[in-house]
Each structure stands twice: as C-alpha cells, then as structure tokens.
**Student:** 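Have a look at this one before I ask anything.
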Amino acid sequence: MKMIHSLALSLIFTIAASADTEFPRKSFVMADFEKAKAAATAENKPLALIYTDKVTTCGLCQGAAAEFIDAVKSKTVVVYLDSETSKTWWSKVSDPVQKALKVGKFIPKVVVTDATGEKVTASLTYEAYKKDEREAIRGLKKALKAE
C-alpha cells in the first residue's frame, strides 16, 4: 500500500512540476515557417528559432528557454521548433540551421538567422548558457544589435 501511495504522490508532483514555456503572442510554429519568413521580411527582422519543449518537467530547461525567448522576442520574429516533432520539420530548415542545432546535447537552443532562414547570424546552446548565463545572454543580445 505504501508503494502505491508513493507512486501516486510521485505522479502528482511530476504533473504539478511541469511548466509551460510561454512564447510571445506573435510567435510562429514550424508548420507556419513560410509565414514567419514573410513576417520577418515585412518587419525587417531576423528569425529566432527556439528549439525546445513547450511543456517540460525540467525547471532548468524551462528557465533557460524563457531567458532565450526574452532575449530575442523584441528584435526578432520567434519560431518555436518542437523537439518532440523534429523529424517532421527538420528538412524544412537550411543546412546552416541544422548544423547549428546539432551543437550541444541538451535543449533549449536558439538559432538566429536572416529573414530568409538561410544565414545563421547567432546561436546559443544550453551548455553555453549553463557555463555562464549572464555572458551567454549578453553575447546573444550583442549579436542581435550588430544586425
């Protein structure tokens, strides 16, 4: 009985611990990548492709994703790349984006490109963020200012 009680509590805590990553209202999903590129062109902004899970039980992942989004949301058109469905959209991103997304073992990752989604201008991995959060975010913001 104690084991069932422990399992039930574990399940409840796991469900309660999951958090949704909030994307800006004008964000796009990969299914609308062409619309995202059109919006980026119209607004004369780069694209920021955020590779992560919207719903996660990992507070570290969710916190890093939130900081990545916060760093790019005002200067870019944000596109959510769902790590769970990467096989459906992988071929839709350019080779330079694929190469940038292969760097690092963990999510989240952010890749900033020109409005066409072809030329990578900046990227940030979870590993670089974990090593030095402030410096990593500062470097990402600095790269956005240079554009």
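Because only heavy atoms are used, hydrogens play no part in the values below, and waters and symmetry mates are left out as well, while side chains stay in.
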**Student:** Looking at CG of Leu49 and OG of Ser94, how far apart are the two atoms once the value is rounded to the nearest 0.5 Å?
**Tutor:** 8.5 Å
**Student:** Atom CD of residue position Glu22 - does it have more than 12 heavy atoms of other residues, nucleotides or ligands inside 6.0 Å?
**Tutor:** no
**Student:** What closest approach, in Å, do Ser74 and Lys45 show between heavy atoms, and which atom pair accounts for it?
**Tutor:** O-NZ, 3.4 Å
**Student:** Please report the C-alpha distance between Leu47 and Val112 in whole Å, then the side-chain angles of each, then the deciding distance to 0.1 Å, and finally whether the side-chain contact (heavy atoms from CB on, under 4.5 Å) criterion is met.
**Tutor:** CA-CA 6 Å; Leu47 292 167; Val112 179; over 6 Å; no
**Student:** With the side chain counted from C-beta on, respond yes when Glu34 and Lys37 share a heavy-atom pair under 4.5 Å apart, and no when they do not.
**Tutor:** yes
**Student:** Side-chain contact test, heavy atoms from C-beta onward, threshold under 4.5 Å: evaluate it for Glu127 versus Lys105 and give yes or no.
**Tutor:** yes
**Student:** Specify the closest pair of heavy atoms between Ala40 and Val77, including all atoms of both residues, with the distance to one decimal.
**Tutor:** CA-CG2, 3.6 Å
**Student:** If we ignore hydrogens and angles and just use 3.5 Å, is the side chain of Lys54 paired with the main-chain N or O of Asp82 as donor and acceptor?
**Tutor:** no
**Student:** Can you name the closest pair of heavy atoms from Phe68 and Ile137 and give their distance?
**Tutor:** CD1-CD1, 4.0 Å
**Student:** Measuring from Asp53:CG to Cys61:SG, what's the distance to the nearest 0.5 Å?
**Tutor:** 6.0 Å
**Student:** Take Val78 and Phe23, measure what side-chain contact (heavy atoms from CB on, under 4.5 Å) needs, and give me the verdict at the end.
**Tutor:** CA-CA 8 Å; Val78 177; Phe23 280 80; 3.8 Å; yes
**Student:** Measuring from atom CD1 of Ile69 to atom OG1 of Thr76, what distance do you get when rounded to the nearest 0.5 angstrom?
**Tutor:** 10.0 Å
**Student:** Measure across Thr21 and Ala65 and return the closest heavy-atom pair with its distance rounded to 0.1 Å.
**Tutor:** CG2-CB, 3.9 Å
**Student:** Write down the atom of Tyr129, the atom of Ala64, and the distance for their closest heavy-atom approach.
**Tutor:** CE2-CB, 3.5 Å
**Student:** With distance as the sole test, does Gln98 use its side chain to make a donor-acceptor pair with the main-chain N or O of Val93 at under 3.5 Å?
**Tutor:** yes
**Student:** Let me confirm one number: the CG-CD distance from Leu140 to Glu67, rounded to the nearest 0.5 Å.
**Tutor:** 11.0 Å
**Student:** When you compare the side chain of Val29 with that of Val79, does any pair of heavy atoms fall below 4.5 Å?
**Tutor:** no
**Student:** Carefully, step by step, assess Leu81 and Ile50 under the rule side-chain contact (heavy atoms from CB on, under 4.5 Å).
**Tutor:** CA-CA 6 Å; Leu81 304 177; Ile50 311 283; over 6 Å; no
**Student:** Okay, side chain of Lys109, backbone of Gly104: is any donor-acceptor separation there less than 3.5 Å?
**Tutor:** yes
**Student:** Could you check, using the six-membered ring where one of them is a Trp, whether Tyr80 and Trp89 have ring centers closer than 6.0 angstrom?
**Tutor:** no
**Student:** Hey, could you give me the OH/OG1 distance between Tyr51 and Thr125, rounded to the nearest 0.5 Å?
**Tutor:** 13.0 Å
**Student:** Tell me, do Arg134 and Asp132 make a side-chain contact under 4.5 Å, heavy atoms counted?
**Tutor:** yes
**Student:** Output the distance between atom CZ (Phe106) and atom OG1 (Thr52), rounded to the nearest 0.5 Å.
**Tutor:** 13.0 Å
**Student:** How close do Ala48 and Val110 get, counting heavy atoms only, and between which atoms?
**Tutor:** CB-CG2, 4.4 Å
**Student:** Would a hydrophobic clustering, with Ile, Leu, Val, Met, Phe, Trp and Tyr connected at side-chain separations under 4.5 Å, put Tyr126 with Val72?
**Tutor:** yes
**Student:** Would you please test Lys119 and Thr113 for side-chain contact (heavy atoms from CB on, under 4.5 Å) and show each step?
**Tutor:** CA-CA 5 Å; Lys119 180 183 174 198; Thr113 71; 5.9 Å; no
